[in-house]
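Reckoned from all heavy atoms, side chains included, excluding hydrogens, waters and symmetry mates. All chains are named by letter (A, B, ...) in the order of the sequence lines, taking the proteins before the strands, and each is independently numbered beginning at 1.
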Amino acid sequence: MFIYDSVQKTKLQLVPIKAGEVSIYVCGPTVYDDAHLGHARSALAFDLLSRTLKALGYKVTMAKNFTDIDDKIIKKVETTGKSMQEITSFYIDSYLKEMAALGVRRADIEPKATQSLDAIETMIQTLIDNGFAYRVPSGDVYFDTSKDSHYGNISRRVGEDEENQSRVAHTDEKKNPKDFALWKACKKDEDICFKTSFSSGRPGWHIECSAMIEKHFHGNNEYSIDIHGGGADLLFPHHENEAAQSRCATGHELAKYWMHNGFVQIDGEKMSKSLGNSFFLKDALQVYDGEILRYYLNSVHYRNDFNFNEEDLLAAKKRLDKLYRLKKRVIPGQASVPHPAFKSALIEAMADDLNVSVALALIDQMITQSNEKLDLNPKDKKLKNEILANIEFIDSLLGFGGKEPFEYFQIGIDETVKNKIESLLHERAEAKKNKDFTRSDAIREELLAMGISIMDTPSGTLWEKA
RNA sequence: GGAGCUAUCGCCAAGCGGUAAGGCCGCAGCCUGCAAAGCUGCUAUCCCCGGUUCAAAUCCGGGUAGCUCCUCCA
C-alpha cells in the first residue's frame with residue numbers, strides 16, 4: 001500500500017509499526033451542529049482507506065473522535081438553554097446516522113473528550129512536570145512552543161515573522177506568541193468546568209486528540225500510531241500542536257504517516273458558514289440517495305478539492321446506474337468467486353494512495369465486458385455468478401452496488417405509484433400485442449411524464465425512476 | 001505580507017520521464033414496431049514562455065489564472 005504523506009509531501013510505502021496491523025486516528029467532528037458535505041468527504045476518504053487496508057489483509061484499528069467540549073458547544077448551550085449533553089448526543093446521533101446512510105463503517109473506537117479527561121489531565125500534568133507547559137495565574141495552562149525544537153516540522157512553518165503572529169489573538173499571559181492553550185480555566189460561574197489538579201476548567205482544542213491516542217493506542221518507541229488523518233485545514237495549527245504535545249509528553253512522534261483530505265467547494269469556493277454556502281449532509285440526503293452521494297463524493301481523489309454540483313452528481317449517478325443495470329441481468333444468482341484479474345487490479349488501484357479514478361475505470365470496463373458476454377450467452381449461469389461476485393467485491397471494497405437492483409431504481413416511489421405503473425405497463429403490453437402502437441407509445445409518454453422510463457426486454461418490460 | 005496546492009477533450013477526471021485511462025454529453029451504426037437499455041465506432045498533445053533529456057502532460061526556471069492555509073473549521 002502506498003499513501004501520500006502530507007508532512008513529507010511524497011508518496012510512501014506504508015510500513016506499519018506492527019507487521020500486518022494498521023492503527024489509524026482520524027479527527028472527527030466537533031458536535032455542535034449538523035454535519036456538512038465536508039465531514040462526509042473526510043469520513044468517506046478514511047472509510048475507503050480502512051476498506052482498502054482490510055482488503056489487503058491488514059488488521060485495521062481505526063479511531064475517530066467526537067469533540068464534545070468546545071467553545072461553540074458552550075455557546076449553543078447559552079443560546080438554546082439545552083444542556084451540553086443534550087446537544088452533543090443529538091449531533092453525535094445524527095452524524096452517525098447520516099454517515100451510515102453514506103455507507104461509512106463505524107470506527108472501532110469513538111472516543112469523546114468528556115470521557116477522556118483522565119488521559120487529558122495526565123498528559124497536561126506530564127507536560128508541566130517536564131517543563132514543556134506552564135500554568136499562568138488565571139489557571140490556564142499553555143504549551144511552551146519554544147521548548148519543542150521540532151515545532152513546525154509538521155506544517156513546515158518555521159520562520160514566521162512578528163507581523164504574521166499579530167493575526168493570532170494576543171494573550172499577555174503567553175510566553176511566546178505561538179504558545180497555545182492546553183487547558184482553559186473557568187472564568188465565571190456558568191462556565192463548563194472539570195476539576196483537575198492545576199485548575200477547574202476545560203481542555204483546549206488540541207490536547208484531546210493527543211491524549212486519546214495515548215489512551216487507546218500503544219505503538220512502539222518511535223510512534224504512537226501509524227496514520228493520523230483529517231481535513232487539510234487541520235494541518236496547521238491543529239496537527240502541528242498535537243504533534244508537539246505528544247512528542248514532548250511521550251518522547252516519540254505521534255504518527256508515522258499523516259494524511260489529509262481536500263475540501264468540498266461549492267461554485268469553486270470553500271464551503272463555509274461565513275460564506276453562507278454550506279451544504280448540510282441531511283439536506284443532501286433528502287434529495288439524493290446516500291449511495292449516490294457516496295459514489296459521487298468518492299469519485300474524485302481524496303486529496304483534491306471537490307467541487308460539488310448537481311450536474312456532476314447526475315453524471316456519477318448514471319455511472320452507478322450502469323452497474324445496477326448489469327446487476328439486474330445476473331440476478332437472482334449465487335455469487336461465486338470474483339474474476340481474479342479484476343479483483344487484483346481493483347485492489348492494486350486502491351493500494352496506490354486510493355486511486356479511485358482508476359478503480360472506477362476498471363469497473364466500467366468490467367461492466368462493458370460483462371454486458372458483451374451476456375449478450376452472447378444470456379443464460380450462462382457460471383458467467384452470471386462470477387459477475388455477481390465481482391459486484392459483491394466492489395461493494396465490499398468501495399461500498400456501492402450492494403442494493404437489490406430493482407429497489408435501487410425505485411427508491412422514493414411509493415406503493416400507489418408502483419401499482420399505477422404496473423397497470424399502465426400491463427395495458428401497454430396488451431396494446432403492443434394488438435399492434436396498437438399509438439396507444440403503447442402514449443402510455444410510454446405518460447410514464448415518462450411521471451418520471452418513469454421503461455425498457456422492453458425479452459423477459460418483459462422493466463421500468464426505472466428516470 | 002508569508003506558506004502551499006492546482007491548471008489535461010464541452011463537463012468531471014486518471015496520468016508519478018517513454019510517446020494522452022475512464023465517465024457524462026455529442027455524432028454514426030447494430031438491436032427495437034418506434035424507443036429505452038445494451039453493444040460497436042468516432043472526438044484532446046496536456047494554461048503560456050524558456051530549459052534539462054535520446055525522450056516531458058510528467059523534471060527545472062519564469063509568467064498567468066484559480067483555490068487553500070497562516071483565526072474556529074473536514
Searching all strands shown, indicate the nucleotide that pairs with [N] (Watson-Crick or G-U wobble; both distances under 3.5 Å).
N: B/C47; answer: B/G63
N: B/C24; answer: B/G10
N: B/U52; answer: none
N: B/G29; answer: B/C39
N: B/G1; answer: B/C70

Please list residues of residues 237-246 of chain A whose heavy atoms come under 4.0 Å from any atom in RNA chain B, ordered by number; otherwise none.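 Here the set is empty: none.
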With a 4.0 Å cut-off on heavy atoms, is [X] in touch with a base, just the backbone sugar-phosphate, or nothing at all?
X: A/Gly231; value: sugar-phosphate
X: A/Val264; value: base
X: A/Lys435; value: nothing
X: A/Leu234; value: sugar-phosphate
X: A/Glu464; value: nothing

For nucleotides [N] and [M], find the distance between their [atom1] atoms and express it as a whole number of Å.
N: B/G15; M: B/U8; atom1: C1'; result: 9 Å
N: B/G33; M: B/A13; atom1: C1'; result: 40 Å
N: B/G29; M: B/A35; atom1: P; result: 11 Å
N: B/U32; M: B/A74; atom1: C1'; result: 49 Å
N: B/A65; M: B/G26; atom1: P; result: 35 Å
N: B/C11; M: B/G1; atom1: C1'; result: 37 Å
N: B/A28; M: B/G17; atom1: C1'; result: 38 Å
N: B/G18; M: B/A57; atom1: P; result: 11 Å

Measure the distance from [atom1] on [X] to [atom2] on [N] and round it to the nearest whole Å.
X: A/Phe280; N: B/A74; atom1: CZ; atom2: P; value: 12 Å
X: A/Glu445; N: B/A36; atom1: CD; atom2: C1'; value: 12 Å
X: A/Ile266; N: B/C67; atom1: CD1; atom2: P; value: 15 Å
X: A/Gln369; N: B/G22; atom1: CD; atom2: P; value: 12 Å
X: A/Ile394; N: B/G22; atom1: CD1; atom2: P; value: 17 Å
X: A/Phe180; N: B/C70; atom1: CZ; atom2: P; value: 15 Å
X: A/Phe308; N: B/A74; atom1: CZ; atom2: P; value: 18 Å
X: A/Tyr151; N: B/C70; atom1: OH; atom2: P; value: 12 Å

For [X], check salt bridge (charged side-chain N to carboxylate O under 4.0 Å, His left out) against everything at least two apart and list the hits.
X: A/Asp312; result: none
X: A/Asp71; result: A/Lys184, A/Arg202
X: A/Lys373; result: none
X: A/Lys328; result: A/Glu464

If you only use heavy atoms from C-beta on, which nucleotide in B/G38, B/G22, B/C69 is closest to the side chain of A/Ala361?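 Nearest nucleotide to the side chain: B/G22.
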For the side chain of A/Asp375, counting heavy atoms from C-beta on, which of B/C16, B/G38, B/C24 is nearest?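 Selected nucleotide: B/G38.
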Applying disulfide (SG to SG under 2.5 Å), name anything that partners A/Cys186, two or more places apart in sequence or on another chain.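 So A/Cys186 forms a disulfide (SG to SG under 2.5 Å) with A/Cys193.
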Partner of A/Arg428 under side chain to side chain donor-acceptor pair (under 3.5 Å), chosen from A/Asp436, A/Asp441, A/Asp456: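 That would be A/Asp456.
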For each nucleotide in nucleotides 25-35 of chain B, reading 5' to 3', give B when a protein heavy atom comes within less than 4.0 Å of its base, S when such contact involves only the sugar-phosphate, and - otherwise. S-------BBB
Tell me, which pairs form a salt bridge (Lys or Arg N to Asp or Glu O under 4.0 Å) where one or both residues lie in residues 356-372 of chain A, sequence neighbours left out?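 Listed by first then second residue: A/Arg319-A/Asp364.
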Tell me which of A/Asp233 and A/Asn355 sits closer to the 5' end of RNA chain B, going by the nucleotide each one is nearest to.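 Final value for this comparison: A/Asn355.
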Taking the nucleotide of RNA chain B with the nearest heavy atom to each, does A/Arg325 or A/Leu362 sit closer to the 5' end?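 The 5'-side residue here is A/Leu362.
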Test: A/Lys403 and A/Asp395 ion pair at under 4.0 Å: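 Answer for the salt bridge query: no.
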Using a strict threshold of under 4.0 Å (side-chain N to carboxylate O), is an ion pair present between A/Asp353 and A/Arg303?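 Salt bridge present between A/Arg303 and A/Asp353.
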Provide the full list of ring-ring contact (aromatic ring centres under 6.0 Å, His included) pairs with a residue in residues 305-329 of chain A, sequence neighbours left out, each pair given once.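 For residues 305-329 of chain A: A/Phe279-A/Phe308, A/Tyr296-A/Phe306, A/Tyr296-A/Phe308, A/Tyr324-A/Tyr408.
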B/A74 OP1/OP2 closer than 4.0 Å to side-chain N/O of A/Asn261: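 No, no such contact exists.
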Would you say a side-chain N or O of A/Thr368 is under 4.0 Å from OP1 or OP2 of B/G38?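 False: A/Thr368 side-chain N/O out of range (4.0 Å or more) of B/G38 OP1/OP2.
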Looking only at atom types and distance, does a side-chain atom of A/Asp68 sit under 3.5 Å from a main-chain N or O of A/Lys112, one as donor and one as acceptor?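 Here the side-chain-to-backbone pair does not exist.
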Check A/Glu422 against A/Trp463 and note the closest heavy-atom contact, atom names and distance.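 In terms of heavy atoms, the two residues are closest at OE2-NE1, 3.2 Å.
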Is there a donor and acceptor pair, one atom on the side chain of A/Lys72 and one on the base of B/C72, closer than 3.5 Å?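 Side chain to base: no pair below 3.5 Å.
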Within a reach of under 6.0 Å around NZ of A/Lys187, are more than 12 heavy atoms found that belong to other residues, nucleotides or ligands?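 Count over threshold, so yes.
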With sequence neighbours excluded, what pairs up with A/Phe46 under the ring-ring contact (aromatic ring centres under 6.0 Å, His included) test?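 Counting only residues at least two positions away or on another chain, A/Phe46 forms no ring-ring contact (aromatic ring centres under 6.0 Å, His included).
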Contacts of A/His239 that satisfy ring-ring contact (aromatic ring centres under 6.0 Å, His included) - sequence neighbours left out: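 For A/His239, the residues satisfying ring-ring contact (aromatic ring centres under 6.0 Å, His included) (neighbours in sequence not counted) are A/His228, A/Trp258, A/His260.
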Pairs under 3.5 angstrom, nitrogen or oxygen only, protein versus nucleotides 4-13 of chain B, please.
unit_1: B/A13; atom_1: O2'; unit_2: A/Ser357; atom_2: OG; d: 2.9

